[in-house]
Amino acid sequence: MKFSEMKYERPDLEAVKMKAERLQHDFNCAESFQNAEKAFLEWDRLSAHIDTMMSLAYTRNSIDTTDEFYEKEVEYIDEVSPVFAELEQGFTKLLKDSRFRPQLEEKFGKLMFINGDIFLKAFSPEIIPEMQEANKLETAYQKLIASSQIDFEGEKRTVSQMQPFKESADDDIRRRAWIAEGGFYRSHENELNDIYDKLVHLRDKMAKKLGYNNFVKLGYLQMTRNCYTPDDIDKFRKAVVKYIVPIADELYKEQAERTGMDYPLTFSDAALKYRDGNPIPCGSAEDILETGKKLYHELSPETAEFIDVMFENELMDVLSKKGKAGGGYCTEFADYKVPFIFSNFNGTSDDVEVITHEAGHAFAFYTARDIVPSANKSPTLESCEIHSMTMEFFGWRKSDEFFGKDSKKFRCSHLFSALTFIPYGAMVDHFQHLVYEKPDISPEQRHDIWRELLSLYMPWLRLDGSPFYGEGKGWQRQIHIYENPFYYIDYCLAQTVALEFWAIMQKDHNEAWERYMRLVKKAGTQTFSGLVETASLKSPFDEDALREIAESAREWLRNNRL
């Protein structure tokens, strides 16, 4: 079914409550495993339907934030989604204590019960008011960014539409673009500070209601961390500083020399990878999509089937336009067993990475579409990012068609960015740990933390005093900090694994694909560590993994200089 034909119906809270209560009763009173399983799977289908309706509302609101109907629907969902979480809690408790748990574990695996136990520690009805308020604040942040109208080069442009100018080879245009975009954020500094301050205190209040010292513990539970701890992440960040930062710094020094810029670089000058310009796709948006279609037809029969479904059912909205929310994501409509890709093409290499990164998520969703129950369809988020970040590297096989004369420049730039992203991602995570450990600090003190962390994780940058970025306030444009606390380190863990896959691709593409499919087909039936082991790769928590990917990438870049 085409996206435009998918029917949205507001989830009726009272009707859902009544059905959930009946199913809980049927499950709790079941005299046989078959009857208990039947009630459980019916609850699973109900949950999937609610998720489908929520995803349709949020997606259509993202596509047009000025659509009053879906704006109201998102407001409603923000209000009732914590109540649905309470219903989920009720069924999860029944599963945990059921006398049929051994049979359910044997049939569906133990991981869904491990994750269910984590969920029970992360939720209580008493935090519903704070969850509702946090949802509203996150939506307010999204609407604020989507409302951007930045006067530049004779037109009003959104944040997404500014990106090509922020990468321009013309120093004057590029630097003015960074100042103009920074000016937008700076003009809304009080709102941005206020939204985040309220979010931090709401999340801290939730944590304390649940008996935790601060939001860090609760944040990890909300992210379903089921195989590593904050101490593991702390060790990972330290290994990033030890192994990745020095090589990234060396690469940026080479970039400064290559582009004729002073080192350390300003934010605007760091955005220019090559003096004659960053790699740009050689065709239109339609050309990029068509080349992407060819890529997936060549990779495997599974990816060919997947991409045809995406195109035939209009399951992508990728062009940037006024009123559209910023960023990009992949979601799924479980009732229809299909994913959906949302993004904002902007004329840069990011457009190509959308058709690989977000399609990597979408392919994983599609591969797992028939798995039951829903809890086994998708792994935790750092594992989901392996799907997408690795697919970016499989996209190299079509780089000549995507980029033409810039194809080698793209491969170098992509690998450079993949490696040097890891310190930035680790910095975002470190920032959030420090903020939530001290929730009462002022907005200016949060800026001070960001500035200090910049010197540790990104020593190639200097603060030049230009609006926003040059003042060390750039954390406020990172959507995840507002909307998805503690998500960002997932990208770093996944990027480490993706670079391990990249290293295998350089020797044997088929071997890399076979291992990738082993991991993808496991869907949500294993932990992050289990999935990495399934693909016979080193864990990112093993220092050797970071050291080896850093050295391999540095050697490849040394041998492929332009």
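It should be emphasised that the depicted structure is a prediction, and the values quoted were computed from it without experimental measurement.
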> Parallel, tilted or perpendicular for Phe528 and Phe541, by the 30°/60° rule?
Replying inline: perpendicular
> Do the side-chain N and O atoms of Thr303 and Ser300 include a donor-acceptor pair separated by under 3.5 angstrom?
Replying inline: yes
> Taking only residues two or more places apart in sequence or in another chain, which ones pass side-chain contact (heavy atoms from CB on, under 4.5 Å) with Lys293?
Replying inline: Glu290, His297, Ile307, Asp308, Phe311
> Are the side chain of Asp44 and the backbone N or O of Ser374 linked by a donor-acceptor pair below 3.5 Å?
Replying inline: yes
> Between Lys136 and Glu75, is there a side-chain N and carboxylate O pair less than 4.0 Å apart?
Replying inline: no
> Where do His480 and Tyr491 land on the ring-ring contact (aromatic ring centres under 6.0 Å, His included) test, with the steps shown first?
Replying inline: CA-CA 11 Å; His480 303 72; Tyr491 291 114; 5.3 Å; yes
>> Check whether Glu130 reaches the backbone of Lys205 with its side chain - one donor and one acceptor, N or O, closer than 3.5 Å.
In response: no
>> For His25, I'd like to know if atom NE2 has over 12 heavy atoms of other residues, nucleotides or ligands within 6.0 Å.
In response: no
> Is there any ring-ring contact (aromatic ring centres under 6.0 Å, His included) pair reaching into residues 49-72, and which pairs are they, with sequence neighbours excluded?
Replying inline: Tyr8-Tyr70
>> If we ignore hydrogens and angles and just use 3.5 Å, is the side chain of Thr356 paired with the main-chain N or O of Val352 as donor and acceptor?
In response: yes
> Can you tell me if Ser343 uses its side chain to pair, donor with acceptor, with the backbone of Val318 under 3.5 Å?
Replying inline: no
>> Please report the interatomic distance CD1(Ile355) to CE(Met391), rounded to the nearest 0.5 Å.
In response: 11.0 Å
>> Does either side chain, that of Asn135 or that of Ser81, offer a donor lying less than 3.5 Å from an acceptor on the other one?
In response: yes
> Could you state the interatomic distance from CZ (Arg101) to CZ (Arg99), rounded to the nearest 0.5 Å?
Replying inline: 15.5 Å
> Is the backbone N or O of Phe108 less than 3.5 Å from a side-chain atom of Asn376, with the two atoms forming a donor-acceptor pair by type?
Replying inline: yes
> Can you say whether the rings of Phe333 and Phe340 are parallel (under 30°), tilted (30 to 60°) or perpendicular (over 60°)?
Replying inline: tilted
> Quick one: do Arg237 and Asp429 make a salt bridge, cutoff under 4.0 Å?
Replying inline: yes
> What residues, two or more places apart in sequence or in another chain, satisfy side-chain contact (heavy atoms from CB on, under 4.5 Å) together with Asp490?
Replying inline: Met223, Arg225, Tyr228, Leu381, Glu382, Tyr487
> How far apart are the closest heavy atoms of Ala362 and Pro339, and which atoms are they?
Replying inline: O-CG, 3.5 Å
> What class does the angle between the rings of Tyr488 and Tyr424 fall in, given that below 30° is parallel, 30 to 60° is tilted and above 60° is perpendicular?
Replying inline: perpendicular
>> So, taking the atom named CD1 in Ile341 and the one named CZ in Phe365, what distance separates them when rounded to the nearest 0.5 Å?
In response: 10.5 Å
>> Classify the ring geometry of His414 against Phe410: parallel below 30°, tilted from 30° to 60°, perpendicular beyond 60°.
In response: parallel
>> Students often mix this up, so state it plainly: with edges at 30° and 60°, are the rings of Phe501 and Phe394 parallel, tilted or perpendicular?
In response: tilted
>> Closer than 4.0 angstrom, basic N to acidic O: yes or no for Lys17 and Glu21?
In response: no
> Between Glu126 and Lys209, is there a side-chain N and carboxylate O pair less than 4.0 Å apart?
Replying inline: no
>> Check Arg369 with Glu305, please: is the shortest side-chain N to carboxylate O separation under 4.0 Å?
In response: yes
>> For the CD atom on Glu314, are there more than 12 heavy atoms of other groups (residues, nucleotides or ligands in this structure) within a distance under 6.0 Å?
In response: yes
> Which residue pairs pass the salt bridge (charged side-chain N to carboxylate O under 4.0 Å, His left out) test with at least one member in residues 346-363, sequence neighbours excluded?
Replying inline: none
>> Enumerate the ring-ring contact (aromatic ring centres under 6.0 Å, His included) contacts for residues 72-102, please, sequence neighbours excluded, ordered by first and then second residue.
In response: Phe27-Phe91, Trp43-Phe91
>> Less than 4.0 angstrom from a charged side-chain N to a carboxylate O is my criterion; do Glu71 and Lys143 meet it?
In response: yes
> Can a salt bridge be assigned to the pair Arg518 and Glu514 using a cut-off of 4.0 Å between side-chain N and carboxylate O?
Replying inline: yes
>> I'd like to know if Glu73 pairs up with Arg10 as an ion pair, taking the criterion as any Lys NZ or Arg NE/NH1/NH2 lying under 4.0 Å from an Asp or Glu carboxylate oxygen.
In response: yes
> Taking atom CG of Leu46 and atom CD1 of Ile50, what is their separation to the nearest 0.5 Å?
Replying inline: 4.5 Å
>> Using only atom types and a distance under 3.5 Å, with no angle test, would you say the side chain of Asn346 pairs donor to acceptor with the backbone of Gln161?
In response: no
> Ignoring hydrogens and geometry, is there a side-chain-to-backbone donor-acceptor pair from Ser98 to Leu95 under 3.5 Å?
Replying inline: no
> Do Lys398 and Glu298 sit within salt-bridge range, that is, some charged N less than 4.0 Å from a carboxylate O?
Replying inline: yes
>> Using the side-chain contact (heavy atoms from CB on, under 4.5 Å) criterion, which residues pair with Arg45? Sequence neighbours excluded.
In response: Leu41, Glu42
> Nearest 0.5 Å, what's the NE2-OH distance between His201 and Tyr436?
Replying inline: 11.0 Å
> Do any N or O atoms from the side chain of Ser124 and from the backbone of Ile127 form a donor-acceptor pair under 3.5 angstrom?
Replying inline: no
> Taking NZ, NE, NH1 and NH2 as the nitrogens, is one of them in Asp117 or Lys121 under 4.0 Å from a carboxylate oxygen of the other?
Replying inline: no
>> Side chains of Thr224 and Asn115 only: does a donor on one sit below 3.5 Å from an acceptor on the other?
In response: no
> When you check the side-chain N and O atoms of Thr229 and Asp232, is any donor under 3.5 Å from an acceptor?
Replying inline: yes
> Between the side chains of Glu385 and Ser388, does any donor sit under 3.5 Å from an acceptor?
Replying inline: yes
>> Can you confirm whether Glu106 is buried at CD, in the sense that more than 12 heavy atoms of other residues, nucleotides or ligands lie under 6.0 Å from that atom?
In response: no
> Any salt bridge between Asp64 and Lys324, counting N to O under 4.0 Å?
Replying inline: no
> Between Ser47 and Glu88, is any side-chain donor less than 3.5 angstrom from a side-chain acceptor?
Replying inline: no
>> Under a 3.5 Å distance rule, please check whether Arg397 uses its side chain to pair with a backbone N or O of Leu295 as donor and acceptor.
In response: no
>> Closer than 3.5 angstrom, by distance alone: can the side chain of Thr390 be matched with the main-chain N or O of Ile386 as a donor-acceptor pair?
In response: yes
>> For the residue pair Tyr329 / His361, report whether a side-chain donor-acceptor contact shorter than 3.5 Å exists.
In response: no
